[in-house]
Amino acid sequence: MAIPTLTNQFVDSLEQYDDVVSWINDALTPDDADESSVLDLTELDHQITQLLITLDIASEDTASQLERVIDDVSRGIPRLAYDLHFMKDGASTLQNALVAVLQRSRDAVPKETSAALDNLHHLDTIKGRMEASREVLQEAESWSTLEHEVTSLILEKSYAKAAERLSEANKSMVVFQNTPEYDPRRTLMVNLQNQLEAALSTALVSAINAQDSMACRDYFSIFSTIQRESEFRNYYYASRRSSIISLWQNTSLADCGPSSTHSDNVTAQVFAEFLPKFYSSFITLLNTERSSISSIFPDPSISLSQFISFTMTTLQPTVPQRLTSYASHYGETSLLHLISALRATEDFATGVDKIMEKIKYASSTAPLQDSEKPQTHRRRSSRMSISLRPGQHRSSSSTAGVSKAIVESVESMEWDQELFQPFLDFQTDYGSLERRFLEHSLLEIISSDIGNKVQASDRPRLFRERAIDIFGIAENSMGRCKAFTYGYGSVGLLHSLDGFFQSFIEMWTADVQSESGNPSSVVKSTISDNELSDLDYTAQDWSDIQLSLHLLSSARTVFDRLVIFETKLRAYLTQVAAHFRLSSNDPFNFLIAATKGESQLLEQSTLNSAELHALLIAVENDSNPRDAPFSASLRLQAPAPTPSPEPLLVNARKALSIFAQTCQASMTKTILSPLRSHLAGYASSSAWLSNADPNLTISSNDLRVPTFSLSHSETVQRVAEGLLNLPRLFEVYADDNALAFSLETLAYVESEVFQNLSEQTHDMSGQQSHRRRSSIYMKPSQIDVEVVSSAWLLSLGHTFLEYLTSDVLPNIPSLSTAGAAQLASDLEYLSNIVRALNVQHDALEKWKAYVSMDANEGMKAVAESNYSPRDPVLEHVAKLRGWR
């Protein structure tokens with residue numbers, strides 16, 4: 001908005017903002033400017049100056065007004081103390097005047113009049129007590145004839161009059177409370193109510209079976225009068241639900257265990273077919289009962305809810321027992337069948353919701369009379385009704401002070417929760433069910449490969465094909481999570497998928513490890529017969545190298561699919577988070593599950609955990625990063641780069657990293673195998689025990705000719721030639737993108753090359769990667785071919801030198817002076833060769849330095865090592881040279 005001309009208007013506009021930064025931004029932006037427009041710096045400076053001047057004026061006005069207020073308060077405080085003291089004196093004066101007036105009024109009344117008034121008060125008290133005594137005597141007389149009157153009315157079948165008589169007697173029970181007469185009269189009341197209920201039960205059952213709504217309504221009124229409303233409901237519900245209970249109990253099911261009754265000539269059904277039929281019959285019954293219940297009960301919604309709840313709880317076997325048998329029957333694939341059962345239950349609940357809505361509309365158009373309204377604060381009978389059987393429930397009385405609307409809402413939800421409660425245990429165990437189903441699917445996929453001998457050349461292709469099947473199965477898991485838990489099982493889904501992919505990749509990793517030591521069939525090489533023919537590699541070696549490259553290429557393909565799948569999974573979690581937010585802001589219009597009761601059960605379950613909310617918040621933050629804080633300078637700069645989101649499937653990525661590392665190790669072993677074979681007899685060479693003077697050479701005339709340096713051994717020469725040929729090998733495979741995959745898992749690369757790779761990626765993309773070390777996978781197109789070759793050469797050089805310094809050199813039995821000189825010459829030559837490959841190995845340099853020492857220098861170094869940390873290389877060399 002433009003800057004206001006009046007200071008007061010401008011300052012008042014600050015109250016419309018919660019954030020000062022937003023107020024400043026709007027104050028500095030012209031009205032006709034788009035959000036994307038950039039202000040001229042001169043105009044911006046001019047507006048900031050006006051803004052500062054206006055704020056200074058407003059600050060001065062505020063300070064002056066505050067000073068005036070402080071002055072007024074300072075002047076008013078002494079006056080306030082005087083006013084309080086004046087009010088205190090006035091109150092004391094008024095109190096004394098009232099006492100005097102009261103005394104004068106008493107003195108004005110003669111003593112005879114006062115005595116007469118006292119006598120009248122005494123007589124009035126006696127009258128009141130006599131009337132109370134008369135009422136008690138009348139109640140006692142009424143109770144003395146109560147049993148006879150009620151029994152006579154029952155015999156005459158005047159049930160309504162008998163109920164009214166009992167109701168009147170029940171109202172007088174409060175008179176005898178806390179007296180010895182209370183318990184006998186209470187026992188008599190209960191006995192008479194039992195007699196009336198027993199007399200009515202036969203006629204009531206006949207009226208219910210005949211669907212005589214008028215008679216049932218009259219009986220309900222009688223039961224309500226004698227505080228037996230819950231007993232009437234038990235009679236009614238037990239009679240009307242018999243057909244549904246019989247259908248549930250007498251149907252033979254093939255996949256839910258034995259039924260209560262079984263006929264050999266009846267074909268057993270599967271639960272998936274029976275459940276929709278059962279719910280369809282139940283809906284038909286409820287549609288029939290909708291009109292009957294509305295005409296009998298004053299609270300049709302609550303009554304129908306109780307009818308559904310009581311029916312579901314009296315089913316034998318119970319719904320949880322049948323679902324448990326159902327899940328046990330199908331084992332690993334039980335999740336799919338449970339989802340089908342839950343969907344059928346939700347369809348039934350939707351149908352019931354429509355019936356409830358019709359009842360509410362019908363009841364709203366026909367308001368009840370005061371005498372017909374349901375009494376929510378009815379006293380419950382103190383004995384077990386003869387109609388209340390084991391397994392049934394009484395209707396609970398409402399809490400005092402709760403409005404009728406809230407009570408009806410809570411009561412009408414009981415059927416909903418009773419319907420979905422049996423599924424809750426399975427829903428909370430969704431993660432385990434999903435993992436079992438995924439593992440079963442994985443086993444089915446790989447079962448076709450078990451027993452079939454797969455050629456080595458086909459293994460990379462098979463790895464890619466199986467990955468397609470695996471990701472196809474995994475994509476359906478999001479739909480199962482939505483259908484079964486409505487997103488509440490997202491944490492379990494994430495763990496299941498992560499473990500599922502991890503298991504799949506680890507199987508292939510173990511397969512590569514087991515095959516690395518066994519000769520495989522020859523894989524057709526892309527190298528021609530004339531290329532690198534001078535290298536010491538056999539046809540099997542070329543085949544193994546080619547196989548490792550193909551496996552790395554397959555791993556790269558699997559990783560690309562994993563990234564795409566994570567994007568889909570992140571989108572699903574974002575939708576779940578958005579749905580949860582809408583439901584939290586407006587729970588009445590945006591239900592998470594199919595019905596309110598199911599939504600409430602899921603919300604109160606252990607699925608609604610802090611881990612779930614942390615996951616959804618993290619996903620939302622990754623999808624919608626918050627804007628950077630306001631800064632005037634940032635408005636003229638390019639937007640800051642968005643950090644890459646954290647990976648969701650951490651263990652799967654780690655397993656793929658280990659698989660790539662295994663393939664790289666196998667390839668490294670094959671490439672270095674000729675070099676290692678050259679060193680097979682290096683440690684047992686006789687040159688190490690030679691006693692010849694290393695500084696003299698005997699000529700053909702037996703003349704001792706001094707030498708200035710020793711030549712390296714033939715073994716080291718062959719090793720050096722092999723090392724120098726390694727760059728040629730990688731020139732041949734320079735176009736193979738598989739070499740660039742997962743470079744960070746190459747052995748001995750992290751410390752020297754990883755930082756350079758990160759810097760190169762930063763220069764190429766213009767962004768700094770914020771991912772964790774374990775989750776970085778650079779695509780081949782992002783890395784220069786020379787960097788890839790350098791990384792591999794560095795890894796191969798370090799791996800070979802580690803083998804030399806750890807496995808070969810420590811096995812030398814002893815070193816003479818001449819042998820030490822020869823070894824120093826060999827190591828010096830190797831050090832120069834590996835430096836050409838940009839390899840620097842600390843252990844090699846230590847071996848070279850210690851072997852080159854004479855006896856005095858060596859003993860001095862050993863003596864100094866006693867006061868410093870242990871050096872294994874020095875200890876080995878000292879043992880070989882005899883310095884200890």
Side-chain angles (χ1 to χ4, degrees), residues 91 94-154 156 158-197 221-230 298 368-383 396-404 407:
L94 178 61
Q95 181 180 11
N96 295 332
L98 291 175
V99 171
V101 170
L102 180 60
Q103 183 63 36
R104 285 196 299 269
S105 64
R106 290 177 178 176
D107 295 341
V109 178
K111 293 182 178 180
E112 295 80 3
T113 304
S114 178
L117 291 174
D118 291 340
N119 290 331
L120 288 175
H121 180 268
H122 180 66
L123 292 174
D124 182 70
T125 303
I126 294 175
K127 177 186 176 183
R129 292 177 179 177
M130 291 179 68
E131 290 177 349
S133 300
R134 183 185 62 184
E135 292 178 359
V136 171
L137 293 174
Q138 288 177 350
E139 292 293 342
E141 182 181 2
S142 174
W143 274 91
S144 64
T145 61
L146 176 64
E147 183 176 6
H148 177 71
E149 292 179 6
V150 172
T151 304
S152 300
L153 291 173
I154 292 175
E156 296 172 1
S158 300
Y159 302 126
K161 294 182 179 180
E164 292 177 359
R165 183 68 179 89
L166 288 174
S167 178
E168 294 174 356
N170 188 56
K171 293 178 181 179
S172 65
M173 283 292 297
V174 67
V175 177
F176 304 100
Q177 203 163 14
N178 300 324
T179 65
E181 298 293 330
Y182 181 80
D183 290 336
R185 299 190 190 286
R186 183 62 185 169
T187 303
L188 176 61
M189 174 64 68
V190 171
N191 291 334
L192 293 176
Q193 288 176 343
N194 288 341
Q195 293 180 25
L196 180 58
E197 179 183 341
S221 176
I222 295 173
F223 273 77
S224 299
T225 303
I226 60 174
Q227 292 80 43
R228 295 295 178 89
E229 179 182 329
S230 60
L368 298 175
Q369 300 295 328
D370 292 341
S371 60
E372 297 175 343
K373 292 183 180 180
Q375 300 178 5
T376 59
H377 300 281
R378 190 179 305 283
R379 181 181 298 175
R380 184 177 299 183
S381 177
S382 62
R383 56 88 184 152
S396 58
S397 59
S398 305
T399 306
V402 182
S403 65
K404 176 184 176 182
V407 172

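Because only heavy atoms are used, hydrogens play no part in the values below, and waters and symmetry mates are left out as well, while side chains stay in.
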Exercise. Applying the side chain to side chain contact (heavy atoms under 4.5 Å, CB included) test to L98, which of V101, L102, L94 qualifies?
Worked result: L94
Seminar exercise, completed: Rounding to 0.5 Å, atoms CG (N119) and CG (D124) come to a distance of 12.5 Å
Problem set entry | Residue list, side chain to side chain contact (heavy atoms under 4.5 Å, CB included) with I126, at least two apart or on another chain | H122, M130
